[in-house]
Amino acid sequence: MPELPEVETVRRGLAPVLVGSRIAALEARRPDLRFPLPERFGERLVGQEILGLERRAKYLIAALSGGEDLVMHLGMTGRFTIVRDGGRETPGDYIHETGADPAHDHVVLHLCDGSRIVYNDPRRFGFMVMMPRTERPDHALFRGLGAEPLGIELSADYLASRAGGKKVNLKSFLMDQRMIAGLGNIYVSEALFRAGLSPNRGARSLADRHGAPTDRAMRLVPAIKQVLQQAIDAGGSTLRDYRHADGASGAFQDEFAVYDRAGLVCVRKGCGGTIRRTVHAGRASFHCPRCQR
DNA sequence: ACTGTACCCTGTAGGC
DNA sequence: TGCCTACAGGGTACAG
């Protein structure tokens, strides 16, 4: 579920509560999510102050005073909810407080001020790992990540250099976290619509035969940046599970041009085309065959 | 080296 | 009402 805008929205919601706080206790209600929780998870967290909370791609990274990073990924259905001091104690009461099924409240961080951060994840595709801060850039999770899409490193030149000669279609290329880190199924479809590019087109068409960026690559870069920024401004997209850290829904789902709109008329004035659903690498794609070539 | 498919897990929506 | 299938914002491990 959570792509870059959703993870960034969660980060902004958690940061004011987490940063500067100290961890009083850890509740791990099961030993694993997608992967086993870190060895001696509680020992390594309790007593630590959280110095900062940043995002890289779809990862949340809490910097701990002891020198380790707590790296968190929300998978498809993960969500963090802040429960303020005074919230009720029994798991069953979380349903009122977080709106999530308490059976899937897997990890609870208790902070010294009495508030709690509850991690809920029905499908358990999310995970948490810890690593020394100095080792993070070389860690397997981060080493191969591509450009951060809202950073200056995502440019037409970058796209052309990564896409040249590749046989993959544009949709799969943009979904590949080694190329661009943070896009997912929704925002790839939305960015391609804004750029007027078909998801079926070969990624290689972002570069000419000399490896220089084509006008398609030039259109794609601002399309990606704009759709992500607008989605962040709207607090992300809530389809099912995703919520802000305070339980609120995102609003960007109301602004989808193509995602999940198969069979509906294209939103572009005067187009009149019908949005089509196709499949790339097992994931649904949506595009307007008239607007997107 | 690259590309496509199966799979991890649970919940829900839709067809019969 | 049930039962069954297909599908869902993620990523990874293989086989070809």
Side-chain angles (χ1 to χ4, degrees), chain A residues 1-11 29-36 55-60 71-80 95 99-106 119-129 139-146 149 162-192 199-200 202-204 224 227-228 231-232 234-244 249-256 258-263 277-286:
Chain A
M1 156 252 55
E3 304 182 33
L4 187 153
E6 289 75 33
V7 178
E8 178 60 23
T9 301
V10 170
R11 189 194 71 76
R29 298 190 177 156
R30 51 177 302 130
D32 58 347
L33 296 168
R34 176 182 185 138
F35 307 120
R55 178 193 59 74
R56 166 73 170 119
K58 301 172 193 170
Y59 295 99
L60 282 172
V71 174
M72 298 161 280
H73 195 290
L74 302 175
M76 289 277 262
T77 55
R79 65 201 242 191
F80 281 104
I95 199 163
D101 182 348
H104 302 298
D105 287 347
H106 302 310
Y119 180 71
N120 180 287
D121 188 355
R123 293 178 74 179
R124 301 201 306 276
F125 286 168
F127 56 88
M128 299 184 189
V129 298
H139 191 279
L141 292 175
F142 293 92
R143 203 186 319 138
L145 284 180
R162 300 303 299 267
K166 286 217 161 48
K167 290 191 178 142
V168 269
N169 54 70
L170 253 187
K171 168 75 182 327
S172 297
F173 174 77
L174 295 176
M175 289 284 286
D176 189 338
Q177 302 298 297
R178 297 168 301 182
M179 305 298 145
I180 300 181
L183 290 179
N185 214 34
I186 291 176
Y187 298 106
V188 166
S189 279
E190 293 297 318
L192 285 172
N200 303 313
R204 64 203 312 174
I224 290 169
V227 76
L228 292 178
I232 291 171
S237 306
T238 294
L239 302 185
R240 281 170 288 275
D241 307 273
Y242 164 71
R243 289 294 151 86
H244 301 182
S249 294
F252 196 72
Q253 66 280 4
D254 298 334
E255 297 175 51
F256 289 167
V258 289
Y259 185 82
D260 208 19
R261 296 195 68 247
R277 180 189 190 277
T278 53
V279 174
H280 299 92
R283 315 290 300 275
S285 306
F286 301 89

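Residue numbers start from 1 in every chain, and the chains themselves are labelled A, B, ... in the order their sequence lines are given, proteins ahead of strands.
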Please state how far atom [atom1] in [X] lies from atom [atom2] in [N], giving the value in whole angstrom units.
X	N	atom1	atom2	answer
A/Leu239	B/dG11	CG	P	18 Å
A/Tyr187	C/dG10	OH	P	10 Å
A/Leu141	C/dG10	CG	P	16 Å
A/Gln253	C/dA8	CD	C1'	15 Å
A/His280	B/dG4	NE2	C1'	13 Å
A/Asp105	B/dT10	CG	P	15 Å
A/Leu145	C/dT12	CG	P	9 Å
A/Lys171	B/dT3	NZ	P	16 Å

Look at the side-chain N and O atoms of [X] and state whether any lies under 4.0 Å from the OP1 or OP2 oxygen of [N].
X	N	value
A/His104	B/dT10	no
A/Gln177	C/dG10	no
A/Lys58	C/dG10	yes
A/Arg283	C/dC7	no

> Of the nucleotides C/dG10, B/dG11, C/dA8, which one has an atom closest to the side chain of A/Glu3?
Replying inline: C/dG10
>> Which nucleotide wins on minimum distance to the side chain of A/Val168, given the candidates C/dA8, C/dG11, B/dT3?
In response: B/dT3
> Using Watson-Crick and G-U wobble pairs whose two distances are both under 3.5 Å, how do you write the pairing of DNA chain C as dot-bracket, with | for links to another strand?
Replying inline: .|||||||.|||||||
>> Between B/dC9 and C/dC14, how far apart are the two P atoms, rounded to whole Å?
In response: 15 Å
> Who pairs with A/Tyr259 by ring pair (Phe, Tyr, Trp, His ring centres under 6.0 Å), at least two apart in sequence or on another chain?
Replying inline: A/Phe256, A/Phe286
>> Which residues pass the ring pair (Phe, Tyr, Trp, His ring centres under 6.0 Å) test with A/His280, not counting sequence neighbours?
In response: none
> Would a distance-only check, ignoring hydrogens and angles, find a side-chain to backbone donor-acceptor pair under 3.5 Å from A/Thr77 to A/Asp121?
Replying inline: no
>> Could you work out, with side chain to side chain donor-acceptor pair (under 3.5 Å) as the rule, every residue matching A/Ser172, not counting sequence neighbours?
In response: A/Asn169
> How would you label the contact of A/Arg178 with the nucleic acid (heavy atoms, under 4.0 Å): base, sugar-phosphate, or nothing?
Replying inline: nothing
> Going by heavy atoms in the side chains, are A/Tyr119 and A/Leu74 under 4.5 Å from each other?
Replying inline: yes
Those residues that, when tested against [X], pass salt bridge (Lys or Arg N to Asp or Glu O under 4.0 Å) (two or more places apart):
X	answer
A/Arg124	none
A/Arg55	A/Glu8, A/Glu148
A/Asp32	A/Arg30

>> With rounding to the nearest 0.5 angstrom, report the CZ to CZ distance, A/Arg261 to A/Arg277.
In response: 15.5 Å
> Any salt bridge (charged side-chain N to carboxylate O under 4.0 Å, His left out) pairs touching residues 166-189 of chain A, not counting sequence neighbours?
Replying inline: A/Asp176-A/Arg178
What does the list of N/O pairs under 3.5 Å between the protein and nucleotides 5-9 of chain B look like, with a distance for each?
residue	atom	partner	partner atom	Å
B/dC9	O3'	A/Arg124	NH2	3.2
B/dC9	O2	A/Arg123	NE	2.8
B/dC9	N3	A/Arg123	NH2	3.1

